[in-house]
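To keep things clear, I will list the structure first and then write my remarks on it.
Fair warning: this is a prediction, and the values are worked out from it, not measured in the lab. A, B, ... follow the sequence lines: proteins, then strands. Residue 1 opens every chain.
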There are 2 protein chains.
Amino acid sequence: MANPEAKTPRERYRAQVRTEIKDRAWEQIATAGASALSLNAIAKQLGMSGPALYRYYAGRDELITELVRDAYRSLADAFRAASPSGADVTTLAHALRAWALEDPQRYFLIYGTPVPGYHAPDDITAIASEIMATILDACAGLPSNGPETPLDAHLEDHRDWADGHPAPAAGLHRALSFWTRLHGTLSLELAGHFNGMGFDPALLYAAELDALTGFGKM
Amino acid sequence: MANPEAKTPRERYRAQVRTEIKDRAWEQIATAGASALSLNAIAKQLGMSGPALYRYYAGRDELITELVRDAYRSLADAFRAASPSGADVTTLAHALRAWALEDPQRYFLIYGTPVPGYHAPDDITAIASEIMATILDACAGLPSNGPETPLDAHLEDHRDWADGHPAPAAGLHRALSFWTRLHGTLSLELAGHFNGMGFDPALLYAAELDALTGFGKM
DNA sequence: TCGTGCAGTTATAACTTCTAACGAACGCGA
DNA sequence: TCGCGTTCGTTAGAAGTTATAACTGCACGA
């Protein structure tokens with residue numbers, strides 16, 4: 001978060017207030033979702049009146065963008081912490097689920113319903129690419145499984161998004177499936193769509209992971 | 001939507017205004033998302049001033065709930081129209097994607113970021129069950145594929161959510177994977193997370209579907 | 001035809017984001 | 001140590017939002 005190594009006292013104070021604002025924002029988001037985030041309420045909690053907050057953030061959008069940035073960084077950190085020496089698919093998957101369950105609304109801030117007009121700044125998409133690269137690293141080492149699919153061939157022709165990653169086309173395919181399948185089960189679980197169905201979402205998640213690594217059917 | 005067979009002129013007028021309100025609401029949601037839905041703006045578009053709208057809906061929440069209900073009904077109808085005589089997994093999957101692409105925000109209204117406090121009324125969860133039943137029908141007929149997984153055994157013990165459906169445990173497993181995997185690719189595509197990556201999301205969707213039906217690896 | 005009930009109105013309260021103008025305090029340079 | 005300037009926080013206010021209350025007038029139904 002905001003550089004704590006700031007030189008001047010003013011800068012340090014400013015940085016501290018900014019993180020305090022973000023802390024309160026995360027509390028609000030965790031309990032009521034991002035759409036219910038109120039700058040006024042945050043200011044009141046910090047003991048200052050409404051507009052004072054605009055000294056620190058240009059507006060609601062800028063604050064939320066900063067929260068999205070932090071969320072991406074947090075996920076990238078979680079991946080890095082989970083597998084320091086290169087990556088392992090299973091470890092990554094467990095780290096992803098743990099990170100998501102820790103704060104579901106933080107997950108939805110990244111992977112939830114998008115606001116139609118919004119475009120993320122470049123530095124955020126860069127962090128997203130770093131996360132994708134970690135997944136690609138993990139999938140590159142997986143054993144090949146079955147014949148080449150039409151998608152594999154297509155991905156061989158459109159591998160620019162992998163940003164020069166040396167993984168074979170099957171690895172790119174596997175990375176995309178890793179992303180989409182785990183996101184699929186995770187987001188439905190976090191959204192409560194499995195509530196009352198009785199089964200354990202962790203086992204479904206594990207089954208999808210097994211299928212990905214080749215230890216399960218489908 | 002609201003019963004067009006209403007007897008009295010008043011009831012017919014009321015029903016017509018209600019659907020007009022919903023039509024405007026859908027327009028707003030499609031262009032700016034559900035969080036930007038403004039009752040005031042809708043009223044102005046209909047040529048009446050603000051509070052008049054409260055004669056038709058108790059508030060924003062009730063209107064949105066009604067939209068969610070209609071969205072669920074629309075998906076159930078799309079499934080029914082796609083496979084009138086029993087269900088076919090591939091047909092269902094194509095119908096799902098077409099329905100989602102038709103209005104991405106409508107998809108997110110159902111499967112997007114949930115509001116933490118919100119609980120859907122029973123009649124909505126009933127429609128959701130009907131949709132699940134259609135998927136189960138389609139998955140029950142699929143050929144078995146590989147040995148029994150731990151999840152299969154677990155689902156055999158927790159098949160209450162299937163509401164007495166006669167599908168074998170492997171079928172339940174397949175139905176859940178159908179749901180989570182297609183939702184995974186679809187929601188990431190609709191949210192724009194594949195933007196700029198170059199590959200065709202339709203092929204990824206097709207590959208996931210192939211894996212589900214047993215014609216692809218993974 | 002007459003009266004009841006419903007539609008739509010304006011006024012108002014309590015919110016929200018955000019801008020503008022002002023005062024005060026803090027810290028840096030002289 | 002003493003200003004002076006930057007920055008912080010304030011109040012005031014505009015333009016929105018949801019939602020309620022009270023009032024008017026029309027239309028439907030008996």
Side-chain angles (χ1 to χ4, degrees), chain A residues 2-3 5-29 31-68 115-118, chain B residues 2-29 31-68 109 115-118:
Chain A
N3 182 12
E5 305 286 342
K7 300 171 276 262
T8 81
R10 275 215 147 115
E11 274 173 4
R12 287 198 299 162
Y13 176 75
R14 184 177 176 77
Q16 201 220 324
V17 174
R18 276 180 72 105
T19 70
E20 255 174 60
I21 291 171
K22 286 198 288 188
D23 288 348
R24 302 296 177 167
W26 280 119
E27 289 174 15
Q28 282 194 17
I29 287 179
T31 62
S35 62
L37 190 148
S38 160
L39 295 189
N40 250 332
I42 292 174
K44 215 178 287 181
Q45 282 184 319
L46 295 185
M48 56 190 184
S49 251
L53 215 140
Y54 286 79
R55 296 274 170 202
Y56 299 96
Y57 291 97
R60 220 182 94 105
D61 285 2
E62 192 183 290
L63 174 56
I64 290 185
T65 297
E66 182 76 16
L67 296 176
V68 171
V115 177
Y118 183 77
Chain B
N3 184 11
E5 304 286 342
K7 299 170 271 261
T8 80
R10 276 217 151 115
E11 274 173 1
R12 287 198 300 163
Y13 176 77
R14 185 177 175 78
Q16 201 218 322
V17 175
R18 277 179 72 103
T19 69
E20 256 173 60
I21 291 172
K22 286 198 287 189
D23 288 348
R24 302 296 178 168
W26 280 119
E27 289 173 16
Q28 283 193 17
I29 287 180
T31 62
S35 63
L37 190 147
S38 160
L39 295 190
N40 249 333
I42 292 174
K44 217 178 287 180
Q45 282 183 319
L46 294 186
M48 56 188 183
S49 251
L53 214 138
Y54 286 79
R55 295 273 169 199
Y56 300 94
Y57 290 97
R60 221 182 95 105
D61 285 3
E62 192 183 291
L63 175 56
I64 291 185
T65 296
E66 182 76 17
L67 296 175
V68 171
L109 205 56
V115 178
Y118 183 78

Exercise for the section: Under the side chain to side chain contact (heavy atoms under 4.5 Å, CB included) rule, what do A:Ile42 and A:Met48 come out as? Steps first, then yes or no, please. Expected result: CA-CA 9 Å; A:Ile42 292 174; A:Met48 56 190 184; over 6 Å; no
task = Go through the steps for B:Ile64 and B:Ile29 under the test side chain to side chain contact (heavy atoms under 4.5 Å, CB included), then give the verdict.
result = CA-CA 10 Å; B:Ile64 291 185; B:Ile29 287 180; 5.7 Å; no
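Looking at residues two or more places apart in sequence or on another chain, you find a salt bridge (Lys or Arg N to Asp or Glu O under 4.0 Å) between B:Glu27 and B:Arg24. With sequence neighbours excluded, no residue satisfies side-chain hydrogen bond (donor to acceptor under 3.5 Å, both in side chains) with A:Tyr13. For B:Ala41, the side chain to side chain contact (heavy atoms under 4.5 Å, CB included) partners are B:Gln28, B:Ser38, not counting sequence neighbours. Considering only residues two or more places apart in sequence or on other chains, B:Arg14 meets the side chain to side chain contact (heavy atoms under 4.5 Å, CB included) condition with B:Arg18, B:Tyr56. Under the rule for a side chain to side chain contact (heavy atoms under 4.5 Å, CB included), the partners of B:Gln16 that lie at least two apart in sequence or sit in another chain are B:Glu20. Looking at residues two or more places apart in sequence or on another chain, you find a side chain to side chain contact (heavy atoms under 4.5 Å, CB included) between B:Tyr54 and B:Leu39.
Across the protein-nucleic acid pair, B:Gln28 atom CD and D:dG16 atom C1' stand 14 Å apart, rounded to whole Å. Remark: P of D:dC8 and CZ of A:Arg18 are 11 Å apart, rounded to the nearest angstrom. In this structure, A:Arg14 places its CZ atom 10 Å from C1' of D:dC8, rounding to the nearest Å. In this entry the distance linking CE of A:Met48 with P of D:dT10 reads 7 Å, nearest Å. Atom CG of B:Leu46 and atom P of C:dT9 are 11 Å apart (whole Å). Rounded to whole Å, atom P of C:dA25 lies 14 Å from atom OH of A:Tyr13.
Distances shown here put a side-chain N or O of A:Tyr56 below 4.0 Å from the OP1 or OP2 atom of D:dG9.
Note that the two end axes of the helix from C:dT1-D:dA30 to C:dA30-D:dT1 enclose an angle of 0°, each drawn from 5 base pairs, rounded to 10 degrees.
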Once base and sugar-phosphate atoms are separated, protein heavy atoms under 4.0 Å mark nucleotides 17-30 of chain D, 5' to 3', with B, S and - as SBBB-------SS-
